Amino acid sequence: MKKNLNRYVLTEEIYTLLKTHILNHEIAPGEKINIDQLARNLEVSNIPIREALSRLAAEGLVDTVPFKGMFVAKMSLQELDEMFEIRMELECLSIRKAVHSIPASQLEQLQREMEEFPRSDLSSGEQRIQVIAQMNESLHGLILNHCGNQSLKSLIESYIEKIQRYLALYQKDLNAQLIQDEWEEHMRIVEFLTVRDQQSAEQALKQHLENSYKRTRAFFV
């Protein structure tokens with residue numbers, strides 16, 4: 001970890017930094033977190049680091065083992081299964097709540113943005129996973145911003161982040177066909193949102209999440 005924070009850094013900044021490193025596997029699953037070393041690297045006391053780690057523990061990204069310390073949470077097939085099961089139910093609720101609330105101008109803008117996303121000639125797994133993340137933010141983010149329920153929005157965002165952690169582990173295996181499949185599924189949802197077809201939009205979203213689940217699970221087994 002680079003020493004890129006000043007000595008007066010806030011807990012929020014440390015939290016964001018550590019979370020990014022965990023989600024990107026710069027701190028590996030199961031790795032022990034050396035709080036004293038972090039404090040020296042970041043030139044801060046242990047207190048804001050412990051506060052940041054407590055937040056990450058509450059989100060399920062850090063485990064506390066009595067008498068041993070704090071560790072980056074391990075990844076498992078069971079966790080992946082459970083996260084997708086919950087995410088599917090919550091996102092179907094969110095799209096039902098948002099379908100009539102998203103301004104037409106924003107849907108038109110989203111469609112233009114989606115048309116510009118590259119789906120081939122991406123040289124690295126990092127680029128490919130970035131495109132998937134951008135597509136997810138553009139569509140799923142728009143739906144969540146108009147679902148009218150902040151608690152629902154926050155819950156779904158937390159699951160999306162943790163699922164992204166699984167994709168990041170296998171970014172080298174992502175291929176152009178997967179990007180194309182993701183793009184087509186997203187565009188289908190956008191088309192139904194544009195005509196305010198709630199039932200079809202929800203079904204398209206559910207199908208997309210089921211497909212995404214199968215693709216992600218295939219990397220892990």
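Everything numeric here is computed off the predicted structure, so don't read it as measured data.
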Subject >> Shared-cluster residues of Ile47, by chain and number - hydrophobic side chains joined below 4.5 Å >> reply: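 Cluster partners of Ile47: none, it stands alone.
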Original post:
Is it true that Glu91 and Arg96 make a salt bridge, defined as a side-chain N closer than 4.0 Å to a carboxylate O?
Top reply: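 Here Glu91 does not pair with Arg96 in a salt bridge, since their nearest N and O are not under 4.0 Å apart.
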Of the non-hydrogen atoms in [X] and [Y], which two are nearest, and what is the gap between them?
X      : Y      : answer
Trp183 : Met135 : CA-SD, 3.7 Å
Ala201 : Ile189 : O-CG2, 4.5 Å
Pro48  : Ile14  : CB-CD1, 3.7 Å
Cys147 : Lys97  : O-CE, 3.0 Å

Taking the side chain as C-beta and beyond, is there a heavy-atom pair between [X] and [Y] under 4.5 Å?
X      : Y      : answer
Gln198 : Leu193 : no
Glu182 : Ser212 : yes
Glu185 : Gln207 : no
Leu38  : Leu18  : yes

Subject >> Worked check of salt bridge (Lys or Arg N to Asp or Glu O under 4.0 Å) between Lys206 and Glu89 >> reply: CA-CA 9 Å; Lys206 184 177 181 181; Glu89 294 295 325; 5.9 Å; no
**OP:** Quick one: which residue pairs count as a side chain to side chain donor-acceptor pair (under 3.5 Å) with a foot in residues 100-112, not counting sequence neighbours?
**Re:**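 Every pair satisfying side chain to side chain donor-acceptor pair (under 3.5 Å) with a residue in residues 100-112: Gln109-Glu113.
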**OP:** Please assess Gln180 against Glu184 for the test side chain to side chain donor-acceptor pair (under 3.5 Å), listing each intermediate value before the final yes or no.
**Re:** CA-CA 6 Å; Gln180 179 67 25; Glu184 290 177 358; 2.7 Å; yes
**OP:** Any ring-ring contact (aromatic ring centres under 6.0 Å, His included) involving residues 127-158? Give me the pairs, sequence neighbours left out, ordered by first then second residue.
**Re:**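 Those involving residues 127-158 are His140-His186, His140-His208.
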Original post:
Is NZ or CZ of Arg87 both nearer than 6.0 Å to the six-membered ring centre of Tyr159 and within 45° of the ring axis?
Top reply: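 Judged by the rule (NZ or CZ under 6.0 Å from the ring centre, within 45° of its axis), Arg87 is not positioned above Tyr159.
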Original post:
Can you list every salt bridge (Lys or Arg N to Asp or Glu O under 4.0 Å) pair that touches residues 154-163, not counting sequence neighbours?
Top reply: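 Every pair satisfying salt bridge (Lys or Arg N to Asp or Glu O under 4.0 Å) with a residue in residues 154-163: Lys19-Glu161, Lys153-Glu157.
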Subject >> salt bridge (Lys or Arg N to Asp or Glu O under 4.0 Å) contacts in which one or both residues fall within residues 132-144, not counting sequence neighbours >> reply: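 Not a single pair qualifies under salt bridge (Lys or Arg N to Asp or Glu O under 4.0 Å).
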Original post:
Please walk me through it: do Asn46 and Asp36 pass side chain to side chain donor-acceptor pair (under 3.5 Å)?
Top reply: CA-CA 7 Å; Asn46 289 6; Asp36 291 335; 2.9 Å; yes
Sequence neighbours left out, cut at 3.5 Å: what donor-acceptor pairs do the side chains of residues 64-86 make with other protein atoms?
| from | atom 1 | to | atom 2 | distance (Å) |
| --- | --- | --- | --- | --- |
| Ser76 | OG | Glu79 | N | 3.0 |
| Gln78 | NE2 | Glu82 | OE2 | 2.9 |
| Glu79 | OE1 | Tyr166 | OH | 2.4 |
| Asp81 | OD1 | Tyr213 | OH | 2.7 |
| Asp81 | OD1 | Arg217 | NE | 2.9 |
| Asp81 | OD2 | Arg217 | NH2 | 3.2 |

**OP:** Could you tell me whether a side-chain N or O of Glu31 sits under 3.5 Å from a main-chain N or O of Ala28, the two making a donor and an acceptor?
**Re:**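 A pair under 3.5 Å: yes.
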Original post:
Can you check whether Val99's main-chain N or O pairs, donor with acceptor, with Arg196's side chain at less than 3.5 Å?
Top reply: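 Such a contact is found between Arg196 side chain and Val99 backbone.
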Original post:
Same cluster for Phe192 and Val190 if Ile/Leu/Val/Met/Phe/Trp/Tyr side chains link at under 4.5 Å?
Top reply: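 Result: no, two separate clusters.
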**OP:** Might you confirm whether atom CD of Glu210 has over 12 heavy atoms from other residues, nucleotides or ligands at distances under 6.0 Å?
**Re:**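 It does: Glu210 CD has more than 12 such atoms within range.
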